[in-house]
Amino acid sequence: MAHPSPIINNCIRLRLLFSSLETGMFAMAFDQKKVQTLWAIAVTAMGVLLCVKTPYALRHTSDTSFLSFARYFIAALLILGGVKRLYSLYLSKHEKSSHEE
């Protein structure tokens, strides 16, 4: 009997992982509010770092107008998304109805 290829084994393992995520067995090991808080902080920090790093990344290019706009726009979206998530987790009055269901 032929053994399945490593690619098929990896696909099977990924499918089992995703099915455990869908059923909530994996998520029960972590507190969702803590995970979402860490994720929101990470997204906000990436936005801030992108703002700080943009001038250094674009100093050697000739046409920087579109690239700088795009990088600052993405950074603003990251910062706003992270702050919005933190606000909805801790300062929103509808926290129990939207996050604990």
Side-chain angles (χ1 to χ4, degrees):
M1 181 173 178
H3 295 287
S5 70
I7 295 173
I8 293 176
N9 284 336
N10 288 338
C11 291
I12 292 170
R13 287 183 186 138
L14 284 174
R15 181 61 195 140
L16 290 173
L17 175 66
F18 287 135
S19 66
S20 67
L21 288 173
E22 291 168 359
T23 58
M25 292 168 41
F26 184 75
M28 289 172 38
F30 300 105
D31 182 20
Q32 286 297 313
K33 192 170 184 178
K34 288 181 184 177
V35 172
Q36 288 183 1
T37 301
L38 289 174
W39 184 256
I41 291 171
V43 167
T44 306
M46 287 304 297
V48 170
L49 288 174
L50 189 60
C51 282
V52 169
K53 194 171 175 154
T54 296
Y56 300 108
L58 298 177
R59 67 181 167 197
H60 297 294
T61 60
S62 60
D63 184 26
T64 62
S65 59
F66 177 72
L67 290 176
S68 64
F69 168 75
R71 289 177 69 105
Y72 284 122
F73 184 72
I74 291 170
L77 288 178
L78 287 170
I79 292 169
L80 289 174
V83 170
K84 179 183 173 192
R85 173 55 70 184
L86 288 171
Y87 177 79
S88 68
L89 283 172
Y90 292 104
L91 300 175
S92 180
K93 293 181 181 178
H94 304 290
E95 178 183 345
K96 291 185 179 180
S97 63
S98 64
H99 293 293
E100 293 187 11
E101 288 182 355

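For clarity, every value in this text was computed on a predicted model and none was experimentally measured.
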> How would you list, by chain and number, every residue that makes a side chain to side chain contact (heavy atoms under 4.5 Å, CB included) with Leu67, sequence neighbours excluded?
Replying inline: Leu58
>> Applying side chain to side chain contact (heavy atoms under 4.5 Å, CB included), can you list everything that pairs with Ile74, at least two apart in sequence or on another chain?
In response: Leu50, Leu78
>> According to a hydrophobic-cluster definition based on side-chain heavy atoms being under 4.5 Å apart (Ile, Leu, Val, Met, Phe, Trp, Tyr only), do Met46 and Trp39 belong together?
In response: yes
> If you round to the nearest 0.5 Å, how far is CD of Gln36 from CG of Leu86?
Replying inline: 10.5 Å
>> I'd like to check the ring pair (Phe, Tyr, Trp, His ring centres under 6.0 Å) partners of Phe66; sequence neighbours left out, ordered by chain and number.
In response: none
> Who passes ring pair (Phe, Tyr, Trp, His ring centres under 6.0 Å) against Phe69, sequence neighbours left out?
Replying inline: Phe73
> Got a sec, which residues hit side-chain hydrogen bond (donor to acceptor under 3.5 Å, both in side chains) with Thr54, two or more places apart in sequence or on another chain?
Replying inline: Arg71
>> If we ignore hydrogens and angles and just use 3.5 Å, is the side chain of Ser68 paired with the main-chain N or O of Ser65 as donor and acceptor?
In response: yes
> Which pair of heavy atoms, one from Tyr72 and one from Cys51, lies closest together, and at what distance?
Replying inline: CE2-O, 3.8 Å
>> I'd like to check the side-chain hydrogen bond (donor to acceptor under 3.5 Å, both in side chains) partners of Thr37; sequence neighbours left out, ordered by chain and number.
In response: Tyr90
